[in-house]
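Worth knowing before you read on, the calculation uses all heavy atoms, side chains too, and leaves out hydrogens, waters and symmetry mates. First listed ligand is number 1; within each ligand, the first listed atom is number 1.
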Amino acid sequence: MPEHTRYSVAALRTFAERILVEAGLEPGEAALLGESLIEADLRGIGSHGLTRLRTYAQRVQTGVVQAGSVPRIVREAPGALAVDGCNGAGVPVGVTVMDWCVERARTQGSCFATVCNGNHFGIGAFFTMRAARAGMIGLAMSNAPASMVPAGGKRPLLGTNPLSVAIPAGTSPPLVLDMATSTVAQGKIILAAKEGATEIPGHWAVDENGQPTTDPQAALRGAMLPFGGAKGYAIALIIDVLCSALGGSAPSTGIHSFWDDFERPQNVGFFMGAWSIAHFMPLPEFHKRIDALFTTLKSSPPAPGFDEVCIPGEGEQRRAEQGRREGLAYAPAVMADLSALAQEYQVAFIEEGCDA
Ligand SMILES: NC(=O)c1ccc[n+]([C@@H]2O[C@H](COP(=O)([O-])OP(=O)(O)OC[C@H]3O[C@@H](n4cnc5c(N)ncnc54)[C@H](O)[C@@H]3O)[C@@H](O)[C@H]2O)c1
């Protein structure tokens, strides 16, 4: 495969922010959303990076996402917030709510929030890593438009409802679980199709008849499969319950498409929050214990065909460090789309090079 041009993280972030501001977002909102997209690309989650910039911008420009909207606490008790996202852009709303939880957890030990009237929040790790940086354990979940079959079913009734948990460690990097409850995020099939792939692994999705398929187009007409069969289905359902029944958002079956519905707000729900470690265990003792756990895992012998045992999030962290050093590269289809976007919004295109 030919080596693609690399672009500096700073230049990519500036470009994304400018497009989003031109589309109508406030500068602060655009900065957070742009940062989340670049963070996704840095972590190797291309499905949730700049490839989505056009759609995020279009959703703001058409007014189906409300620019400048500030989330509102509608019910509050110690450790519990019920928040109305007021149809604001998902990333800034999620950041505001996570920061409220972290602040309250400092004195209360923990705080969890539901969010209704939300929009696509991108990668869950963007929020949970904020809590981990504050010395807390972060949790973030969201429901999403129905695109995944329940175990044993052939109709899509649940979203690929993501789940992220981030746990800070002492000397080791944090543990960051960030996953779709489908075998992989549906965005990976959308990106594969955009890049011209003709085949995907057979355990990712089913076609319209509920039969496993390796054809990305048939998979997009069909539905995703839950990870781990009935277990992934159960977790996706629990997330839908927390977001919709508890939080007041639409259930997955009532959430409108991020990609092609520019008339009706999505009404996505989030469930997020933070535990303050120091309220449960003195921080230095926790760090000692978690480092010992990770050392045991890291020093264990790899199975045939593997180089090492990894801590969840370790691969993403390594990729991010490399991307910050060397810049990020994109497939030609993604670059062509970004270049067209630059023209449409009259924004200077991204300069080549890296920050280092
Ligand atoms: N906003 C939404 O509606 C939505 C919906 C679905 C997914 N997403 C996002 O999509 C992204 C991708 O999800 P995915 O399920 O395709 O991710 P993935 O399959 O790439 O990774 C899932 C998790 O497994 C861990 N992991 C992978 N290999 C490992 C190994 N060998 N050892 C230890 N840990 C390992 C990763 O660190 C990660 O935490 C996530 O950021 C998620 O938040 C968002």
Looking just at side-chain N and O atoms, do [X] and [Y] make a donor-acceptor pair shorter than 3.5 Å?
{"X": "Asp41", "Y": "Tyr330", "result": "yes"}
{"X": "Asp260", "Y": "Ser257", "result": "yes"}
{"X": "Gln61", "Y": "Tyr345", "result": "yes"}
{"X": "Thr181", "Y": "Asn161", "result": "no"}

Contacting atoms of ligand 1, where contact means under 4.0 angstrom from a heavy atom of [X]:
{"X": "Val176", "result": "37 (O), 39 (O)"}
{"X": "Phe121", "result": "1 (N)"}
{"X": "Val184", "result": "16 (O)"}
{"X": "Glu316", "result": "36 (C), 37 (O), 38 (C)"}
{"X": "Ala144", "result": "3 (O)"}
{"X": "Gly313", "result": "37 (O)"}
{"X": "Ile123", "result": "41 (O), 43 (O)"}

Worksheet entry | Atom NZ of Lys298 with >12 non-hydrogen neighbours under 6.0 angstrom |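 Enclosed: over 12 neighbouring heavy atoms sit under 6.0 Å from NZ of Lys298.
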
Nitrogen or oxygen atoms of [X] and ligand 1 under 3.5 Å apart:
{"X": "Asn143", "value": "no"}
{"X": "Ala185", "value": "yes"}
{"X": "Ser142", "value": "no"}
{"X": "Asp178", "value": "yes"}
{"X": "Leu177", "value": "no"}
{"X": "Ala180", "value": "yes"}
{"X": "Ile311", "value": "no"}

Does [X] come within less than 4.0 Å of [Y], counting only side-chain N to carboxylate O?
{"X": "Arg104", "Y": "Glu76", "answer": "yes"}
{"X": "Arg324", "Y": "Glu39", "answer": "yes"}
{"X": "Glu285", "Y": "Lys288", "answer": "yes"}

Using protein heavy atoms only, decide if any is under 4.0 Å from [atom].
{"atom": "atom 34 (N) of ligand 1", "result": "yes"}
{"atom": "atom 4 (C) of ligand 1", "result": "yes"}
{"atom": "atom 20 (O) of ligand 1", "result": "yes"}
{"atom": "atom 26 (N) of ligand 1", "result": "no"}
{"atom": "atom 40 (C) of ligand 1", "result": "yes"}
{"atom": "atom 29 (C) of ligand 1", "result": "no"}

| query | With a distance cut-off below 6.0 Å to the six-membered ring centre and an angular limit of 45° from the axis, does Arg52 pair with Phe258 as a cation-pi contact? | reply |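 Because its charged atom sits under 6.0 Å from the ring centre and within 45° of the axis, Arg52 does stack over Phe258.
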
Report task. Only heavy atoms count here, so choose which of Ser36, Cys310, Gly122 is nearest to atom 1 (N) of ligand 1. Result ->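 Checking each option, the heavy atom nearest atom 1 (N) of ligand 1 is found in Gly122.
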
Nearest candidate to atom 18 (P) of ligand 1, where distance is taken over non-hydrogen atoms, out of His120, Glu308, Lys188, Met179 =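 Ranked by closest heavy atom to atom 18 (P) of ligand 1, first place is Lys188.
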
Relative to each other, are the rings of His48 and His120 parallel, tilted or perpendicular (30° and 60° limits)?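 Parallel: the ring planes of His48 and His120 meet at under 30°.
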
Identify the closest protein heavy atom to [atom]: which residue and atom is it, and at what distance?
{"atom": "atom 12 (C) of ligand 1", "result": "Ile45 CG2, 3.8 Å"}
{"atom": "atom 8 (N) of ligand 1", "result": "His48 NE2, 3.4 Å"}
{"atom": "atom 6 (C) of ligand 1", "result": "Thr160 OG1, 3.2 Å"}

Work out whether the distance between some heavy atom of Ser164 and some atom of ligand 1 is less than 4.0 Å.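 No, Ser164 has no heavy atom closer than 4.0 Å to ligand 1.
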
Residues passing the salt bridge (charged side-chain N to carboxylate O under 4.0 Å, His left out) test with Arg18, sequence neighbours excluded, are none

**Asked** Ring centres of Trp275 and Phe112 under 6.0 Å apart?
**Response** yes

Inset, instruction - With side chain to side chain donor-acceptor pair (under 3.5 Å) as the test, would you mind laying out the steps for Ser69 and Asn87 before giving the verdict? - result: CA-CA 7 Å; Ser69 182; Asn87 196 30; over 6 Å; no

Item to check | Separation of Glu17 CD from Glu29 CD (nearest 0.5 Å) | outcome: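 Going from CD on Glu29 over to CD on Glu17, the span is 12.0 Å.
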
Please report, to 0.1 Å, the donor-acceptor pairs under 3.5 Å made by any side chain of residues 142-157, with sequence neighbours excluded.
from   : atom 1 : to     : atom 2 : distance (Å)
Ser142 : OG     : Gly269 : O      : 3.4
Asn143 : OD1    : Gly269 : N      : 2.7
Asn143 : ND2    : Asp240 : OD1    : 2.9
Asn143 : ND2    : Ser249 : OG     : 3.3
Asn143 : ND2    : Ala250 : O      : 2.9

